[in-house]
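Written out below as structure tokens is the structure these notes cover.
Residue numbers count from 1 along this sequence.
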Amino acid sequence: MRSLPPALVLLLLLVPGSAAGQGLRGVGFFGGSSESHQIRSYHDDSGAWSGFVGGAWLDVQLPASGWSILAEGGYATRGGTYPVASGFTGKVESDVLEATLAPSRHFDVGFAGAYAYAGPTLEMPVRTRASVDLKPAFSNPASQVFSVTGGAGIELRLPETYAFRLELRHVEGLSADYTGDQGDFKHRATEILVRVGKIRR
């Protein structure tokens, strides 16, 4: 496996430092499904590819009421499908490590609430698999990819300071995942997540 790029290491080191300075609003784990595409242009998207995403999150409280920083580290699978020779469908898929740091706004109503966030994501593809016919186009995966992630969800508070969150989010690649004989490819993903954790009431 490749070593972590310096930018990802720095982002992961900033998370506990920020938490210590401001205090935690919440911390927990998440998991869910991901539907992604590989994008060369808006008229040349791949077919959808279904994968999964999971990891850990924490909310670092900010001085302004209702505001926090969502810090998240996780693992995702991304990919796409293409028609190839003889009527078959080829696929490309990647295993990705990712870290997100995003301002988050919370709205509380009794035992429930809602939230939304958006911010930068740093991704590192660690393994790529492609059908034989697609390998020339996806022959050179990037060592790191910059994306933007935005999401919104609802929160249900459970006894003993636990919380359950259901969330929909979008991930848009800003830099190329792959370069090859067909040009550069970025990614786009829509994800449905479940978050479980402890929160400060």
Side-chain angles (χ1 to χ4, degrees), residues 4-36 51-78 95-126 144-158 160-175 186-201:
L4 294 177
L8 182 57
V9 173
L10 177 61
L11 181 55
L12 293 176
L13 289 175
L14 285 174
V15 169
S18 300
Q22 298 293 338
L24 288 179
R25 187 183 193 280
V27 60
F29 299 94
F30 69 92
S33 63
S34 174
E35 184 175 275
S36 57
F52 63 92
V53 59
W57 61 272
L58 57 84
D59 279 331
V60 181
Q61 185 68 53
L62 294 177
S65 177
W67 286 92
S68 64
I69 295 291
L70 173 66
E72 178 183 290
Y75 171 91
T77 58
R78 310 216 187 280
D95 302 325
V96 178
L97 297 178
E98 57 183 15
T100 299
L101 202 61
S104 181
R105 182 70 168 97
H106 296 261
F107 305 90
D108 298 329
V109 183
F111 65 90
Y115 62 94
Y117 65 90
T121 296
L122 181 63
E123 300 178 294
M124 185 182 75
V126 294
Q144 59 188 30
V145 177
F146 292 95
S147 305
V148 62
T149 299
I154 57 174
E155 178 180 272
L156 178 64
R157 292 169 192 158
L158 306 175
E160 303 297 331
T161 73
Y162 286 95
F164 172 90
R165 295 177 177 178
L166 181 63
E167 178 183 311
L168 176 67
R169 74 178 183 184
H170 181 81
V171 182
E172 187 78 19
L174 301 179
S175 62
K186 301 177 182 179
H187 70 267
R188 177 181 298 134
T190 300
E191 299 174 344
I192 300 175
L193 303 182
V194 171
R195 297 182 187 267
V196 178
K198 297 192 71 172
I199 62 169
R200 189 176 70 183
R201 296 186 188 275

Report yes or no: is the cationic atom of Arg25 (NZ for Lys, CZ for Arg) under 6.0 Å from the centre of the six-membered ring of Tyr115, at an angle within 45° of the ring normal?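 Negative - Arg25 is either too far from the ring of Tyr115 or too far off its axis.
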Dump the intermediate steps for side chain to side chain donor-acceptor pair (under 3.5 Å) on Glu72 and Tyr117, then the final yes or no. CA-CA 12 Å; Glu72 178 183 290; Tyr117 65 90; 4.8 Å; no
Examine distances only and state if a side-chain atom of [X] and a backbone atom of [Y] form a donor-acceptor pair shorter than 3.5 Å.
| X | Y | value |
| --- | --- | --- |
| Ser175 | Phe146 | yes |
| Lys186 | Leu174 | yes |
| Glu191 | His170 | no |

Spatial distance of atom OG1 (Thr190) from atom CG (Leu168) [nearest 0.5 Å]: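 Answer for the OG1-CG pair, Thr190 versus Leu168, is 7.0 Å.
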Nearest 0.5 angstrom please: Ser34 OG to Ile192 CD1, how far?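 Ser34 OG to Ile192 CD1: 10.0 Å, rounded to 0.5 Å.
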Going by distance alone, is a donor N or O of one side chain under 3.5 Å from an acceptor N or O of the other, for Glu123 and His187?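 Yes.
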Contacts of Thr149 that satisfy side chain to side chain donor-acceptor pair (under 3.5 Å) - sequence neighbours left out: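 Result, side chain to side chain donor-acceptor pair (under 3.5 Å) vs Thr149: Thr121.
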Are Phe111 and Leu156 close enough that some pair of their side-chain heavy atoms sits under 4.5 Å apart?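 Yes, at least one pair of side-chain atoms sits under 4.5 Å.
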Contact check, side chains of Val96 and Tyr75, non-hydrogen atoms, under 4.5 Å: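 No; the side chains remain at least 4.5 Å from each other.
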Test Arg78 against every option in Arg188, Glu98, Glu35 by the side-chain contact (heavy atoms from CB on, under 4.5 Å) rule and name the one that passes.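 Among the candidates, only Glu98 passes.
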Tell me, which pairs form a salt bridge (Lys or Arg N to Asp or Glu O under 4.0 Å) where one or both residues lie in residues 55-70, sequence neighbours left out?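 Every pair satisfying salt bridge (Lys or Arg N to Asp or Glu O under 4.0 Å) with a residue in residues 55-70: Asp59-Arg165.
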